[in-house]
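Working notes for the structure below.
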Amino acid sequence: MTSVNPLNEKVFMTTNPTNNTSSGSSDIAANRMHPMSNHINPLNVQINPHSVVKPESHDTIPATAVPAAHNTTPINPQTSNLAARLPHRRGDHRMFLASDDNTMMKHIEETHIPDGRDFDVKPLVHIIEDIVHRATPIAGHVHEAKVQAHLQALDEKAPHSGLTEILYYLAYPIQRIKMELISKCAKKEDAHSTTMSLLHSLTNYAWDTKVAITFAAFAQLYGEFGLLVHQYTTNPLAKSVAIIMELPEIMTHQDVLKQKFDAIHDLIDKMFDVTKCIIEFRDVQSSHSQHVITQELEMLINTAHISTAAYWTMRAAVMCAAMILNLIAIGHEQISSTSEAWEISNLAHKLANILDHLRKVLSLCHQKIEEKRQYDAFEAILRLLRTPQLDNMKILSMLIHSRDDQLPLFDGTHKRRVSLDVLRRKHVLLLISDLDIASEELFVLHHMYDESKTQLNRPESNYDVVWMPVVDKRLTPWTEAKQMKFEEVQASMPWYSVAHPSMMDPAVIRCIKEVWGFKKKPQLVVLDPQGKESNNNAYHILWIWGSLAFPFTKARETALWKEQTWNIELLADSIDQNVFTWISEGKCICLYGGEDIEWIRSFTSATRAVANAARVPLEMLYVGKKNPKERIRKNNSIIQIENLSHVVQDQTLIWFFWERLESMWHSRTQQDIPGETDPILQEVVTILSYDGSDLGWAVFSRGLVEMTRGKGDLIVQVMKGFDRWRNEVSDITTFVPALDRQLRDLHSPHHCTRLILPSTTGHVSERVICAECSRPMEKFIMYRCCTD
């Protein structure tokens, strides 16, 4: 990544004509400031000959030392020349133009010799923020509102946690930097020289600590001034001090002061924002130690130019401190200084650019860290799935992450939060779906789940279901509407569910999509009592056999298919309880579908006439079409009113009939049986292809052995030509075989068979054999919008 340095001003380096160094030391203060024994004295550090100023080391200045500013010639604010007493603004202007960015960067970096101490300065910055916002002497209406918002936000936090500990080490350096600020301003040093001097004085601290100490020193000055302004009208002591400082006279210039302090406040806000970014970079490097910092991330952090950001933030603090001190020292002459207004504006613009750059780099850093964290979490899930465990607790804890010690599961039966222990050493079916799971699916699952729990002593009841809603917040934000939808779906489930989608890590979402192949259609991933994945989608076998498929493994699926033959019981299942009665009574059964009501009238009339003529007890059941809509509902009503046949009353069961057929197709294609020689698969494909057409169809059966089926037009033709094959039907046992022969004789080699399967099933076979001619079918992509 190309390094972009936001430092774009040119800087002219000058040497400091003074070397104000004191001798002696204070053991207590030195110990508080430098608790580590390997402290490096900045006086002994080799400095670039073009460096700004010889550093003042806190190690060599006693805590009781009086700053040089106290020994300077007193200034008469009424008679002295204003320009002579201000910091060298024109010199500052020249330094923007004269030198090279890299040279300045080099001098800044040369001041940085950290001794390895790591301070959490966030509590200190918090108290600085509180001081500065409360101390604002005068503010316009806009800034007053901002101040109140800041204070309200600060009050909501826990401000002083860790403050005492940090002040034990940093209170003395803060005081020394405050004295140094006063001294440098009294000696009329320019802002750049003063900032470089502070960097030398703080040479052994990390960048965020340097900034925090300097900011705290300024906050003391600013807070003391603000305290006087707020209290001099009501507090006698404050009034006396204010009179000596000529504060009442200064405060008479309200309009000009409001503009000045509004500008200062804007600059201070930028300083806080940059400071917090610098601290955040420090946190990124320290907190990421649990993950190996990649070379790419290290290079990315380097492009932030933290040293540059620290320099300009400290320089802004120096500038603000100089303005307050000059206001006190010079009074109303200082109020209308245009050079200071220009400098404040320039610094605010500079910090805004730096802040924008820091935030961009921080965003990239967090993105890289999150990618690495998610990669590690994803790999950990894969390892855990492959590694034998004593129980299922480890894998479940990784899949469903409890936050803040909250109970991670919601018990749908008792409507309460529970721990993962309720699933310990059980077969667990992870119901994976998005929030838009169909109500029909929930209805059927609810029925199967309740049925399995009616006799708890049965082995097949020893499983539980956990709903894991897949909501990728990186793609779609979590909204109030989604929260309401989640709660609505969750409330409709009698089984367990994740208490909230946020408890599913993005690495888990990735595992669900990449390892278990989830797309859109719901899945049931089965974990055995040891947490091992035994089936990545038991949805199909549960749809086909219900709890009989327990423990829902691939082996159990294979065993069930080996025992299964194609018959009316497999096809119809529990779509209508009358089917089992008709089978036991030995009747002929006809299931038929389609949506053309005229064909339905023609077919049922002709078929009923043949059954009566042949004296064959026949029951007909209308099963409609997949995704039953209004037209199927209307057909049901007409069929019942005209007494054409039986109908499936519940539209959900019509939906389930076709869903089961699709599940049979998916399950059967996973078996090690070629499609050309698989009679069950061929029959399933045939009926599914009937639904893909716009024509009617029918299946006839007697008992569990005899079956035949055909398209609507052929069947009507055969029924209306019953006189031609009447002699082949002697009784009920010969009716279905005779009908089958007639349909085969009329079969035409010319056909157009369509098999429509949803693209969200997760598995689409590359090779499907046509049930009519046994040739491979062509695969097309179809987009459909059906509003009925």
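The residues of the chain are indexed from 1 along the displayed sequence. Source: prediction; values computed, not measured.
- In this structure, Lys587 NZ and Ser701 OG are separated by 14.0 Å, a value rounded to the nearest 0.5 Å.
- In plain terms, the two heavy atoms of Asn535 and Lys554 that are nearest each other are OD1-CE, 3.4 Å.
- Within the 3.5 Å criterion, the main-chain N or O of Leu548 finds a donor-acceptor partner in the side chain of Arg556.
- Centroid-to-centroid, the aromatic rings of Trp467 and Phe410 stay 6.0 Å apart or farther.
- Taking 4.0 Å as the cut-off between side-chain N and carboxylate O, Arg510 and Asp505 do not count as a salt-bridged pair.
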Check: Do Met493 and Leu431 pass the side chain to side chain contact (heavy atoms under 4.5 Å, CB included) test, and can you show the C-alpha distance, the side-chain angles, and the key distance before you say yes or no?
Finding: CA-CA 11 Å; Met493 296 176 170; Leu431 173 58; 4.3 Å; yes

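- Checked against the 6.0 Å centroid threshold, His500 and Trp478 count as a close aromatic pair.
- Of all the heavy atoms in Gly531 and Leu385, the pair that sits closest is O-CD2, 4.3 Å.
- For an aromatic pair to be called close, the ring centres must be under 6.0 Å apart, and His646 with Tyr622 fails this.
- For the residue pair Gln670 and His540, no side-chain donor N or O sits within less than 3.5 Å of a side-chain acceptor on the partner.
- Although no hydrogens or angles enter the test, the distance criterion places no donor-acceptor pair under 3.5 Å between the side chain of Lys625 and the main chain of Trp658.
- A salt bridge does not link Asp120 to Arg282: none of the charged side-chain nitrogens sits closer than 4.0 Å to a carboxylate oxygen.
- Ser667 and Glu557 share a donor-acceptor pair across their side chains, judged by distance under 3.5 Å alone.
- Between the Arg425 side chain and the Asp391 main chain, no donor and acceptor come within less than 3.5 Å of each other.
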Check: Between Glu280 and Arg359, is a salt bridge (charged side-chain N to carboxylate O under 4.0 Å, His left out) present by the stated rule, with each step listed?
Finding: CA-CA 10 Å; Glu280 195 170 348; Arg359 283 174 172 169; over 6 Å; no

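- Ser363 places no side-chain N or O within donor-acceptor distance of the main-chain N or O of Lys360, the cut-off being under 3.5 Å.
- For the pair Leu423 and Met393, the tightest heavy-atom approach, listed with the atom from each and the gap, is C-CE, 4.0 Å.
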Check: Would Leu384 and Met398 satisfy side chain to side chain contact (heavy atoms under 4.5 Å, CB included), going step by step from the backbone distance to the final call?
Finding: CA-CA 9 Å; Leu384 208 54; Met398 188 163 284; 4.1 Å; yes

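- Met664 is not listed as a side-chain neighbour of Ile680, based on a closest heavy-atom distance of 4.5 Å or more.
- Within 6.0 Å of CZ in Phe580 there are more than 12 heavy atoms belonging to other residues, nucleotides or ligands.
- The closest side-chain heavy-atom distance from Val508 to Ile512 is below 4.5 Å.
- Annotation: the span from Glu441 atom CD to His446 atom NE2 amounts to 15.0 Å, rounded to 0.5 Å.
- For the pairing with Phe657, the side-chain contact (heavy atoms from CB on, under 4.5 Å) check across Asp573, Asp576, Asp691, Leu571 returns one residue only, Leu571.
- Note on ring orientation: taking the six-membered ring where Trp is involved, the planes of Trp545 and Trp561 are perpendicular (angle over 60°, cut-offs 30° and 60°).
- When ring centroids are compared, Tyr463 and Phe552 come within the 6.0 Å threshold.
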Item checked: Derivation and outcome, side chain to side chain contact (heavy atoms under 4.5 Å, CB included), residues Gln523 and Leu430 -> CA-CA 8 Å; Gln523 286 182 224; Leu430 304 177; over 6 Å; no

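- Between Asp411 and Thr413, the shortest heavy-atom contact is OD1-N, 2.9 Å.
- Side-chain atoms of Asn636 come within 3.5 Å of backbone atoms of Val648 as a donor-acceptor pair (strictly under, hydrogens ignored).
- If you take CE on Met620 and OH on Tyr592, they are separated by 6.5 Å, rounding to the nearest 0.5 Å.
- Residues Thr686 and Trp697 have side chains not in contact (no heavy-atom distance under 4.5 Å, counting atoms from C-beta outward).
- The backbone N or O of Gly412 sits less than 3.5 Å from a side-chain atom of Lys415, completing a donor-acceptor pair.
- Contact of the His666 side chain with the Tyr539 side chain is not registered, since no non-hydrogen atoms from C-beta on lie closer than 4.5 Å.
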Next item on the list: Mind running side chain to side chain donor-acceptor pair (under 3.5 Å) on Glu662 and Trp543 for me, showing each step along the way?
Entry: CA-CA 10 Å; Glu662 278 190 12; Trp543 253 212; over 6 Å; no

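- Rounded to the nearest 0.5 angstrom, Phe443 CZ and Met448 CE are separated by 11.0 Å.
- Taking 4.0 Å as the cut-off between side-chain N and carboxylate O, Lys482 and Glu487 do not count as a salt-bridged pair.
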Next item on the list: Would you please test Asp283 and Lys122 for salt bridge (charged side-chain N to carboxylate O under 4.0 Å, His left out) and show each step?
Entry: CA-CA 10 Å; Asp283 290 343; Lys122 286 191 285 293; 3.1 Å; yes

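- Counting heavy-atom neighbours within 6.0 Å of Lys453 NZ, excluding the residue itself, gives a total above 12.
- You'll find the side chain of Phe700 stays beyond 4.5 Å of the side chain of Met707, heavy atoms only.
- With hydrogens and angles ignored, the 3.5 Å screen pairs a side-chain donor or acceptor of Asn392 with a backbone N or O of Lys426.
- The two residues Ser497 and Gln490 come nearest to each other via the heavy atoms OG-NE2, 3.0 Å.
- In this structure, Arg373 CZ and Glu370 CD are separated by 4.0 Å, a value rounded to the nearest 0.5 Å.
- Ser419 and Pro408 get closest at one heavy-atom pair: CA-CD, 4.1 Å.
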Next item on the list: Begin from the C-alpha positions of Thr652 and Glu440 and carry the test side chain to side chain donor-acceptor pair (under 3.5 Å) through to its verdict.
Entry: CA-CA 6 Å; Thr652 300; Glu440 294 89 351; 5.4 Å; no

Item checked: Derivation and outcome, side chain to side chain contact (heavy atoms under 4.5 Å, CB included), residues Val466 and Leu396 -> CA-CA 10 Å; Val466 179; Leu396 288 174; over 6 Å; no

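- Proximity of Ile400 to Leu420: side-chain heavy atoms (C-beta onward) are separated by under 4.5 Å at one or more points.
- Between the CG atom of Leu445 and the CG atom of Leu524 there is a distance of 6.0 Å, given to the nearest 0.5 Å.
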